[in-house]
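The structure under discussion appears below in the form of structure tokens.
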2 protein chains.
Amino acid sequence: MAKPIGGTKTAASIEEKGRGRPIKRVREKTSEPIQTLAEAVAARIREKVISGKLTPGSHLSEIALSEELQVSRNTLREVFRLLTKEGLLRYEANRGVFVATPSMSTIIDIYRIRRFIEIPSLAQAHPRHPAVKKMRASVDAAHRCRDADDWLGVGSADIGFHAAIVELADSPRLAGFYAQVSLELRLVFGLLQDPEFLHAPFIDQNTLIVTQVENGNSAAAAEILEAYLAQAERFILSAYARVASASSRGFE
Amino acid sequence: MAKPIGGTKTAASIEEKGRGRPIKRVREKTSEPIQTLAEAVAARIREKVISGKLTPGSHLSEIALSEELQVSRNTLREVFRLLTKEGLLRYEANRGVFVATPSMSTIIDIYRIRRFIEIPSLAQAHPRHPAVKKMRASVDAAHRCRDADDWLGVGSADIGFHAAIVELADSPRLAGFYAQVSLELRLVFGLLQDPEFLHAPFIDQNTLIVTQVENGNSAAAAEILEAYLAQAERFILSAYARVASASSRGFE
DNA sequence: ATACAAAAATTGTTGAACAGTCTGGACTCG
DNA sequence: CGAGTCCAGACTGTTCAACAATTTTTGTAT
């Protein structure tokens with residue numbers, strides 16, 4: 001039974017004032033619960049990318065992926081647009097999308113931003129801010145994951161910890177931006193091997209930081225964080241350099 | 001002549017290592033020159049939104065808009081995803097997209113971010129940084145526009161000036177984020193009337209700031225900027241309050 | 001091997017179709 | 001008159017099939 005939709009609508013009323021109707025539900029955005037297929041697919045691809053199932057630089061074929069994920073090409077393209085804006089994928093006209101390949105300058109930029117955002121955010125922290133509880137919860141989680149040798153979990157907990165720091169600034173837009181940057185950082189992590197070496201040194205520093213904040217000593221916490229970030233950047237840059245030189249030597 | 005595409009590709013090789021081939025052209029990203037239809041359409045809608053042709057809160061019908069812009073619904077949906085990520089549009093499940101409606105808290109958040117980013121960025125500025133030239137060019141443009149009574153142009157120049165400040169931080173991601181926030185701010189501007197009152201007071205402060213930077217006095221510049229931002233926020237908040245109360249009185 | 005043309009595969013974009021959801025009005029029942 | 005119910009119409013969510021434009025691969029002659 002055909003149901004012709006569009007019909008003969010004159011292209012006049014493209015827009016209609018929508019000020020009147022009271023909004024029914026504002027639907028709070030606690031990491032919005034995936035309402036549409038595209039978002040669900042985006043989440044799956046995101047997961048594949050940061051878990052390393054999709055390696056940086058690899059080409060994502062529209063047909064192959066749409067078959068694998070059981071969605072239409074159109075829907076998949078919507079997803080691609082999403083993830084491209086997030087920085088996880090890279091578009092090349094007429095050639096398709098690729099998983100973004102972080103470079104040295106990517107890492108440098110990410111850490112520049114982390115310093116730029118996290119340090120002031122932490123320095124102005126109030127000990128009773130709700131995000132402090134999240135910080136504490138994250139370090140606890142990190143300790144548990146370490147004891148279980150779950151280093152991917154440690155990585156997640158670490159990201160969560162620093163996301164909580166940014167929440168101290170009480171800016172939803174800033175938090176969203178930081179989440180995006182974190183995603184890119186995870187992409188870098190996936191590129192590197194030996195996650196223990198990468199994460200272990202920082203668990204204790206995080207603990208120290210949250211303790212200082214809880215005690216109302218935000219300035220001291222910020223100082224520790226500054227050292228943390230500088231050290232982490234060095235670690236990751238050198239780890240990256242090792243991997244990069246290895247693969248350019250035709251190791252692959 | 002039928003041309004069956006997908007065919008019988010086994011869903012195995014979704015991904016292929018792509019490390020080998022040397023990149024042909026890296027295509028520098030000087031605000032990427034609109035390669036695809038979706039990007040072009042996105043630009044047009046963006047323009048419509050910030051120029052006030054599409055007012056906040058209005059519903060964008062997929063069929064109507066796709067007819068007006070002469071693109072298919074599928075393409076338009078890609079565009080919607082783009083602009084939603086940018087914060088210009090808002091999605092509501094099964095109800096479609098609406099032009100985002102800035103609220104008081106939007107303005108507050110935007111200015112919180114501006115302080116957060118612009119002040120440190122300016123404070124650490126080096127007088128010979130290329131972005132300083134852009135700052136100077138922007139204030140010049142603003143003066144010209146003022147003399148021509150082109151207050152929309154003044155607004156653009158002002159945005160450009162502050163974008164240049166952010167460029168001082170040398171972080172592409174930060175600059176991109178700031179550009180996005182600026183877009184939302186323009187949305188707010190569109191909501192307010194009397195642009196002269198809104199922009200005129202700040203032209204001279206911008207001039208003062210760039211002069212200080214050129215003379216190597218970044219700290220002083222940062223102080224002026226801080227005052228600027230505080231004042232601008234107050235101005236805009238009160239202007240917004242006037243408009244909001246007027247429209248809620250059933251003025252429309 | 002190298003260069004070049006034909007063929008194959010992929011992306012870019014469209015139009016139609018249909019299922020699911022929301023909206024507003026007609027209708028009914030107090 | 002007002003509140004609840006049901007229904008049809010409109011719109012979004014998603015898929016499919018097709019074709020033009022472009023890139024990549026392949027085959028062949030030099």
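Lettering follows sequence order; numbering is per chain, from 1.
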Problem set entry | For atom CG of A:Asn94 and atom P of C:dT11, their distance in whole Å | 10 Å
Exercise. With distance as the sole criterion, do the side chain of B:Arg95 and the base of D:dG13 form a donor-acceptor contact below 3.5 Å?
Worked result: no
Problem set entry | Under 4.0 angstrom between A:Arg77 side-chain N/O and C:dG12 OP1 or OP2 | yes
Problem set entry | Pair B:Arg186-B:Ser156, side-chain donor/acceptor within less than 3.5 Å | yes
Problem set entry | Value in whole Å for how far the P atom of C:dT11 lies from CD of A:Glu67 | 12 Å
For this session: Would you indicate what B:Gln70 reaches in the nucleic acid, counting non-hydrogen atoms under 4.0 angstrom: base, sugar-phosphate, or nothing?
Result: sugar-phosphate
Exercise. Is there a side-chain polar atom (N or O) of A:His59 under 4.0 Å from OP1 or OP2 of C:dT10?
Worked result: no
Exercise. What's the CG-P distance between A:Leu76 and D:dT15, to the nearest Å?
Worked result: 10 Å
Problem set entry | Nucleotide D:dT23, atom C1' - distance to CD of A:Glu92 in whole Å | 11 Å
Problem set entry | Nearest-angstrom distance from the residue atom CZ of B:Arg73 to P of D:dT12 | 7 Å
Exercise. Any side-chain N or O of A:Thr75 under 4.0 Å from OP1/OP2 of D:dG13?
Worked result: no
Exercise. B:Gln35 has an atom CD; how far is it from atom C1' of D:dA21, in whole Å?
Worked result: 12 Å
For this session: Measure up the B:His59 and B:Phe98 rings against each other and bin them: parallel (under 30°), tilted (30 to 60°), perpendicular (over 60°).
Result: parallel
Exercise. Starting at the 5' end of DNA chain D and moving along, which residue's nearest nucleotide shows up first, B:Gly96 or B:Asn74?
Worked result: B:Gly96
Problem set entry | Nearest listed nucleotide, side chain of B:Ile63, among D:dC11, C:dC22, D:dT15 | D:dC11
Problem set entry | Separation of D:dC11 C1' from B:Leu60 CG (nearest whole Å) | 13 Å
For this session: Consider the side chain of B:Glu62, meaning its heavy atoms from C-beta on, and name the nucleotide among D:dG13, D:dT14, C:dT10 that approaches it most closely.
Result: D:dG13
Exercise. Does CG belonging to A:Leu192 count more than 12 external heavy atoms closer than 6.0 Å?
Worked result: yes
Exercise. Taking CD from B:Glu78 and P from C:dG12, how many angstroms apart are they, rounded to a whole number?
Worked result: 8 Å
Exercise. Side chain of B:Leu37: nearest nucleotide among C:dT13, D:dT23, D:dT14?
Worked result: C:dT13
Exercise. Just checking A:Phe80: base, sugar-phosphate only, or nothing, at a heavy-atom cut-off of under 4.0 Å?
Worked result: nothing
Exercise. Mind checking what makes salt bridge (charged side-chain N to carboxylate O under 4.0 Å, His left out) contact with A:Arg81, not counting sequence neighbours?
Worked result: B:Glu78
For this session: Consider the side chain of B:Thr36, meaning its heavy atoms from C-beta on, and name the nucleotide among C:dT13, D:dT12, C:dA16 that approaches it most closely.
Result: C:dT13
Exercise. Which residues satisfy the side-chain hydrogen bond (donor to acceptor under 3.5 Å, both in side chains) test with A:Ser103, sequence neighbours excluded?
Worked result: A:Ser105, A:Thr106
